[in-house]
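These notes are about the structure you will find just below.
Chain letters run A, B, ... following the sequence lines, proteins first and then strands; every chain starts at 1.
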Protein chains: 2
Amino acid sequence: MSSAKKPNWNGCPTRYAAGIVGDKWCFLLLRDVLLHGKRTYREFLGSPEGISTNILANRLAKLEALGMLTREPDPRKASSVCYFPTQKSKDFLPALVSMMVWAALYDEATEAPASFATSFSNDPVGTIAWYEAEIDRVDQALRSN
Amino acid sequence: MSSAKKPNWNGCPTRYAAGIVGDKWCFLLLRDVLLHGKRTYREFLGSPEGISTNILANRLAKLEALGMLTREPDPRKASSVCYFPTQKSKDFLPALVSMMVWAALYDEATEAPASFATSFSNDPVGTIAWYEAEIDRVDQALRSN
DNA sequence: TTCGGTTACTTGCATATTGCAAGTGCCTTT
DNA sequence: AAAGGCACTTGCAATATGCAAGTAACCGAA
């Protein structure tokens, strides 16, 4: 791509993204927060990939430091902790969903229904808005305790 | 990876994507191939992140095994090797660009111009098509040697 | 008020992965 | 024939991970 138009400015955003998402566990935690409504250490531990406790603590701290999650006392039980998605991680949703669409297309063992990809390509904005609304619903319900 | 728990349909595509892109080096190699027109071992080594030779060989083999790249003799010089993107990796472009848009928004040190995000949101299909055309241009030029 | 259970971690240690430096083997160029 | 480039491989020390166990704080019931 040495044609005059687009030089190396592509590189930087990709490297930035790689620093956050280029880690299996961070990536899956973002999925759990953004798509599965998980908020607590215990819930993250329950995911089928089986993250171990030290790695989980390490990645939650990393994501908090990166401004992707906020660590707050659980409104339901003060002794527990909730990790809430920030606007920064909510804004990651379109990228996450784009990856899911791609994966659903190429993973032979995918469990995503074909309707998922078509509904996203028919109405990407609406699809993302739906996920965002789900997240806000979960968090507002939690915080109203 | 055969789990006792049945993952919800969101989970699987994300896990599939995490298995490929949830690795810093694979992620950056995809950038080099899809956005920077790099095709040879030597070019990948030259990227500013400084991948080491053993890791590079390992990741190229992984990406080839995953059907993201094809390994072929360099048409310009038989002793050299080219790694070409497959349709599978070209189809990853929308996800990659979505991540770049997100990163450009949140990375304070981004080098991406503001116009990048707006041009993608104004015309996502056209933007992706432009990148795909660039890739095809590079590969056809290479192959016509 | 003591007790068991829950939650969110931390610690220790064996194993796996990485980074770095130094080869190796096969062309190609001179 | 020699020199150099290219695409790797190998060895080894440093780092990161996975696993099991432990800890501290709190909560609800007896």
Side-chain angles (χ1 to χ4, degrees), chain A residues 15 18-30 32-33 36-66 68-85 142-143 145, chain B residues 1-5 15 18-30 32-33 36-66 68-85 142 145:
Chain A
R15 182 168 52 238
I20 297 178
V21 162
D23 173 89
K24 183 189 167 192
W25 294 122
C26 285
F27 193 92
L28 292 170
L29 286 174
L30 252 19
D32 284 349
V33 168
H36 290 225
K38 298 189 180 185
R39 296 292 179 269
T40 69
Y41 191 93
R42 191 88 351 211
E43 287 171 326
F44 299 134
L45 268 187
S47 291
E49 291 82 15
I51 192 171
S52 52
T53 59
N54 52 348
I55 302 299
L56 176 55
N58 176 276
R59 294 306 193 278
L60 288 173
K62 181 185 169 186
L63 289 172
E64 195 194 355
L66 288 165
M68 300 291 282
L69 301 176
T70 61
R71 185 183 184 280
E72 301 173 33
D74 190 326
R76 297 163 299 190
K77 195 163 81 167
S79 71
S80 187
V81 170
C82 279
Y83 290 89
F84 290 105
L142 239 177
R143 286 191 155 118
N145 281 291
Chain B
M1 186 87 51
S2 61
S3 55
K5 246 180 189 172
R15 182 167 52 238
I20 297 178
V21 162
D23 173 88
K24 182 189 169 192
W25 294 121
C26 286
F27 194 93
L28 292 170
L29 287 174
L30 253 17
D32 284 348
V33 169
H36 291 230
K38 298 190 179 185
R39 296 292 179 269
T40 70
Y41 192 93
R42 192 101 332 224
E43 288 171 325
F44 298 135
L45 268 190
S47 292
E49 292 81 14
I51 190 170
S52 52
T53 58
N54 53 348
I55 302 299
L56 175 54
N58 176 276
R59 295 304 194 277
L60 288 172
K62 181 185 169 184
L63 289 171
E64 195 194 356
L66 287 166
M68 300 291 283
L69 301 175
T70 62
R71 185 184 185 280
E72 300 173 33
D74 190 327
R76 297 162 300 188
K77 196 162 79 166
S79 71
S80 187
V81 170
C82 279
Y83 291 88
F84 290 105
L142 238 176
N145 280 292

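- Side-chain atoms of B/L69 and B/L29, non-hydrogen and from C-beta on, never get closer than 4.5 Å to each other.
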Check your understanding: Where do B/K24 and B/E49 land on the salt bridge (charged side-chain N to carboxylate O under 4.0 Å, His left out) test, with the steps shown first?
Key -> CA-CA 10 Å; B/K24 182 189 169 192; B/E49 292 81 14; over 6 Å; no
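- Atom CG in A/D74 sits roughly 12 Å away from atom P in C/dC9 (whole-Å rounding).
- Residue B/F44 is out of contact with every strand shown, counting any heavy-atom pair closer than 4.0 Å.
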Revision key, fill the gap. Quick tally for nucleotides 18-30 of chain C: nucleotides whose base has a protein heavy atom under 4.0 Å get B, sugar-phosphate-only ones S, the rest -, giving SBBBB----SS--
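- Under 4.0 angstrom from either OP1 or OP2 of C/dT6 there lies no side-chain N or O belonging to A/R76.
- Proximity of A/Y41 to A/V81: side-chain heavy atoms (C-beta onward) are nowhere separated by under 4.5 Å.
- An OP1 or OP2 oxygen of D/dC6 is reached within less than 4.0 angstrom by no side-chain nitrogen or oxygen of B/Y83.
- Taking CZ of A/R39 as the reference point, atom SG of A/C82 lies at 8.0 Å (rounded to 0.5 Å).
- Closest to the side chain of B/V81, out of D/dA7, C/dC9, D/dT9, is D/dA7.
- Rounded to whole Å, the distance from OH on A/Y41 to P on C/dT7 is 12 Å.
- Considering only heavy atoms from C-beta on, A/V21 stays 4.5 Å or farther from A/C26 through its side chain.
- For the pair B/L45 CG and D/dT9 P, the computed distance is 13 Å after rounding to whole Å.
- Rounding to whole angstrom units, CG of residue A/L60 and P of C/dT10 are separated by 10 Å.
- Rounded to whole Å, atom P of C/dT10 lies 10 Å from atom CG of A/L56.
- Within the 4.5 Å cutoff, no side-chain heavy atoms of B/T70 are placed close to those of B/Y83.
- Atom-to-atom, CG of A/L69 to P of C/dA8 comes out at 14 Å; the value is rounded to the nearest Å.
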Considering only distance and modelled atom types, tabulate donor-acceptor pairs under 3.5 Å from the side chains of residues 50-58 of chain A, sequence neighbours left out.
residue : atom : partner : partner atom : Å
A/S52   : OG   : A/N54   : OD1          : 3.1

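- When rounded to the nearest whole Å, the span between CG of A/L28 and P of D/dG18 equals 11 Å.
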